[in-house]
Amino acid sequence: MFQKLLFPCLIVFFIFSCKSKPSNADIEKKVLLEYVCPETAKVNSLEIIKTEPATSIFGLKGFQYVVSGEVEWPKGCTDFGTGLPAGYKEKFDSKTVTLIKTEEGWQ
């Protein structure tokens with residue numbers, strides 16, 4: 001009985017694990033890493049323009065996205081002498097973001 005259930009469960013597991021892609025939150029987190037004060041910034045109106053599988057690095061699965069949107073610092077930022085005021089916004093267009101799946105998640 002156990003063997004009859006094991007095989008279909010493994011098939012379902014592999015189908016769903018192979019189709020997993022980064023979430024919008026994963027993409028936003030990666031976008032913010034390119035800006036100062038990423039911990040206090042947020043992405044507004046993220047638009048995914050293009051998605052492609054990335055070349056696998058060391059056998060790890062990846063995706064490459066071209067995205068547009070806006071980064072906002074609701075409370076501002078003074079790190080590294082930037083002096084961004086509260087509510088400062090910066091648009092980005094056709095930014096390329098690559099995410100690789102690791103044991104810790106999408107990086």
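Side chains included, hydrogens not; waters and symmetry mates left out as well; all remaining heavy atoms used.
- For the pair Pro53 and Lys61, the minimum side-chain heavy-atom distance is 4.5 Å or more.
- Taking CG of Leu99 as the start and NZ of Lys21 as the end, the distance is 12.0 Å to the nearest 0.5 Å.
- Note that CD of Glu70 and CG of Asp93 are 12.5 Å apart. Values are rounded to the nearest 0.5 Å.
- Aromatic ring pairs are classed by plane angle as parallel below 30°, tilted from 30° to 60° and perpendicular above 60°; the pair Trp73 and Tyr88 is tilted.
- The cluster map of Ile, Leu, Val, Met, Phe, Trp and Tyr, joined by side-chain heavy atoms under 4.5 Å apart, puts Ile27 and Ile49 in different clusters.
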| Could you go step by step and tell me if Val97 and Phe63 meet the side-chain contact (heavy atoms from CB on, under 4.5 Å) rule? | CA-CA 8 Å; Val97 178; Phe63 288 94; over 6 Å; no

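- Contact check on Lys30 versus Glu28 returns no salt bridge, with no Lys/Arg side-chain nitrogen under 4.0 Å from an Asp/Glu carboxylate oxygen.
- Atoms NZ and CG, from Lys101 and Leu60 in turn, are 11.0 Å apart once rounded to the nearest 0.5 Å.
- With hydrogens and angles ignored, the 3.5 Å screen pairs no side-chain donor or acceptor of Thr98 with any backbone N or O of Gln64.
- When the shell of 6.0 Å around NZ of Lys95 is examined, it contains more than 12 heavy atoms from other residues, nucleotides or ligands.
- Put simply, CD on Gln107 and OG1 on Thr102 are 4.0 Å apart, with the number rounded to the nearest 0.5 Å.
- The OG atom of Ser45 lies 6.5 Å from the NZ atom of Lys91; values are rounded to the nearest 0.5 Å.
- Formation of a donor-acceptor pair under 3.5 Å by the Thr96 side chain with backbone atoms of Val66 is not found in this model.
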| field | Criterion side-chain contact (heavy atoms from CB on, under 4.5 Å) on Val71 and Asn44, from CA distance to verdict | value | CA-CA 6 Å; Val71 175; Asn44 296 330; over 6 Å; no

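- Between Ser68 and Ser94 the shortest heavy-atom distance is OG-N, 3.0 Å.
- Across all their heavy atoms, Pro22 and Asp26 have their closest contact at CA-OD2, 3.7 Å.
- Note that CD1 of Ile48 is 5.5 Å distant from CG of Leu46, once rounded to the nearest 0.5 Å.
- The two residues Val43 and Phe92 make their nearest non-hydrogen contact at CG1-CZ, 4.2 Å.
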